[in-house]
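Every chain is numbered from 1 and lettered A, B, ... according to where its sequence line falls, protein lines coming before strand lines.
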Protein chains: 2
Amino acid sequence: MTGSKTDPRVLRTRKLIMDSFIELSSEKEFKDITVKDITAEAMINRATFYYHFEDIYDLLDKALSEVLLINLDCNHYQNIELNEEMLVNIFKAVTNFQMSLSNRCHRGYEDTIARIIREQLEIIFYKVLLKQGLTGDMQALKITAVMLSWGLYGASVEWRRNSVGVKPEEFIKPAIPYIISRIDVGSTNETKE
Amino acid sequence: MTGSKTDPRVLRTRKLIMDSFIELSSEKEFKDITVKDITAEAMINRATFYYHFEDIYDLLDKALSEVLLINLDCNHYQNIELNEEMLVNIFKAVTNFQMSLSNRCHRGYEDTIARIIREQLEIIFYKVLLKQGLTGDMQALKITAVMLSWGLYGASVEWRRNSVGVKPEEFIKPAIPYIISRIDVGSTNETKE
DNA sequence: TTAAATGTGTTGTATAAACGACAAATCCAA
DNA sequence: TTGGATTTGTCGTTTATACAACACATTTAA
């Protein structure tokens, strides 16, 4: 997929930084983590950090994206259709991811995290919609992906607020038929009778 | 102790190489390990290997030295005198080290390993003898260290051949008084009555 | 035996990382 | 508020690593 091989030094250093950041995140909250802390933990030079990331927020962004992508097992969804099972799995991944974050006390950065999650969801949904060869134009697919990402994220917020006792899959399942039927219309005509 | 700080990149790379070599050593025997294998495992460039080591035998040498030094806990012996306890501990470290090696099937390289062990022992003995401020000239101390290293190593060979059932400390203890008394004569006059 | 394949050790060049220094920003206690 | 201390982001220079290419040695298979 990524045609040009990246320098192994870059991969090594990025991993060192990411791992150190995640390690530090489990020790103290984000606002108390400095770039110096990270580079000390990673045993790299501070200047090298700025070679790879704009600042610590850029690192936060990319680190969270990566963790979320692992949770979502993105490649796994490349080949399947947008059905109930997939939506349930993604919802489980999102709630699971958020629970793991709340243990790490990223207080005051919920907005950033929310944006990152939605962006990642949007990317995934857009890919899947494209794969399904829907007839609508690309702009329509994009907007659909946006709405799905916001919708799913919103559901996770609602779940966290009221229903953490309920299993995520049981929480989301009742709503899915309404979503799915809308999507399926206009594509394969496999609307559930 | 080592005044000049070494570049962290060097430390990282050396560790990568060493660890990869030890990892590979537990998978197959030395004669089947190539430089390419090591650099592939370590995810470094092959040319970088030759920046740090002359060849694979040089790596073997240094890797074994390091493992042995860890076993011997060299710094620990910097401050104490050459007494029975120290000799017993060193002998235990040597036998222990050799047993761990035999599990890794370095067949055909016993000579190299033997030489490395003796060299390390010699270094340690020489340091300790110097610390004790013996009156003899340095050349005499050097030769004493050589003889002690060969002697202790020879004892470990003897132990491996006949007495692996016997505990190393019990095996070596009876001989130590003869060694110690000779060393102590001419230094502090603390010969055991 | 030869020929192909694989491994070794070296070299030249490009680039990532280390390092020290710096001004500016931010924090924090007096 | 002030002033010292810490952090941030950047820069120029030096050094370590990546990479491709090379001749040569060793192994392997035909």
Asker: By nearest nucleotide on DNA chain D, pick out whichever of A:Asp7 and A:Phe49 is the more 5' one.
Answerer: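 Going by which nucleotide is closer to the 5' end, it is A:Phe49.
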Asker: Tell me the interatomic distance from A:Asp32, atom CG, to C:dC28, atom P, rounded to whole angstroms.
Answerer: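 For the pair A:Asp32 CG and C:dC28 P, the rounded distance is 9 Å.
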Asker: Over how many whole Å does the gap from B:Asn45 atom CG to C:dT15 atom P extend?
Answerer: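 Those two atoms, CG and P, are 15 Å apart.
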Asker: Report the residue (A:Thr34 or B:Ala47) whose heavy-atom-nearest nucleotide on DNA chain D is the more 5′ of the two.
Answerer: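 Of the two residues, A:Thr34 wins.
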Asker: So, for B:Ala145 and B:Tyr126, which heavy atoms are closest and what is the spacing to 0.1 Å?
Answerer: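 That closest heavy-atom pairing would be CB-N, 3.7 Å.
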Asker: Compare side-chain N and O positions of B:Tyr50 against OP1 and OP2 of C:dT10 and report whether any pair is under 4.0 Å apart.
Answerer: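 The answer is no; no side-chain N or O of B:Tyr50 sits under 4.0 Å from OP1 or OP2.
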Asker: For the pair made of CZ in A:Phe53 and P in D:dT7, what is the distance, rounded to whole Å?
Answerer: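 So the CZ-P distance, A:Phe53 to D:dT7, works out to 20 Å.
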Asker: Less than 4.5 Å apart, side chain to side chain, heavy atoms only: is that true for B:Met147 and B:Ile179?
Answerer: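 Of all side-chain heavy-atom pairs linking B:Ile179 with B:Met147, none is under 4.5 Å.
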Asker: Are B:Tyr51 and D:dT17 close enough that a side-chain N or O sits under 4.0 Å from OP1 or OP2?
Answerer: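 Answer no for this pair, as no side-chain N or O of B:Tyr51 is under 4.0 Å from OP1 or OP2.
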Asker: Measure distances between side-chain N and O atoms of A:Arg9 and base N and O atoms of D:dT17, and say whether any donor-acceptor pair falls under 3.5 Å.
Answerer: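 A donor-acceptor contact between them is present.
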Asker: Looking at the side chain of A:Val10, which of C:dA16, C:dA18, D:dG9 is the nearest nucleotide?
Answerer: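 Comparing C:dA16, C:dA18, D:dG9 against the side chain of A:Val10, the answer is C:dA16.
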Asker: How many whole angstroms separate atom NZ of A:Lys31 from atom P of D:dT8?
Answerer: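 For the pair A:Lys31 NZ and D:dT8 P, the rounded distance is 14 Å.
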Asker: When you get a sec, tell me which of D:dG9, C:dT10, C:dA17 is the closest nucleotide to the side chain of A:His52?
Answerer: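 Minimum distance to the A:His52 side chain belongs to C:dA17.
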Asker: Quick one: is B:Arg12 getting a side-chain N or O under 4.0 Å of the C:dA18 phosphate, OP1 or OP2?
Answerer: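 Checking C:dA18 against B:Arg12, a side-chain N or O does come within under 4.0 Å of OP1 or OP2.
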Asker: What's the CD-P distance between B:Glu54 and C:dT8, to the nearest Å?
Answerer: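 Atom CD in B:Glu54 sits about 15 Å away from atom P in C:dT8.
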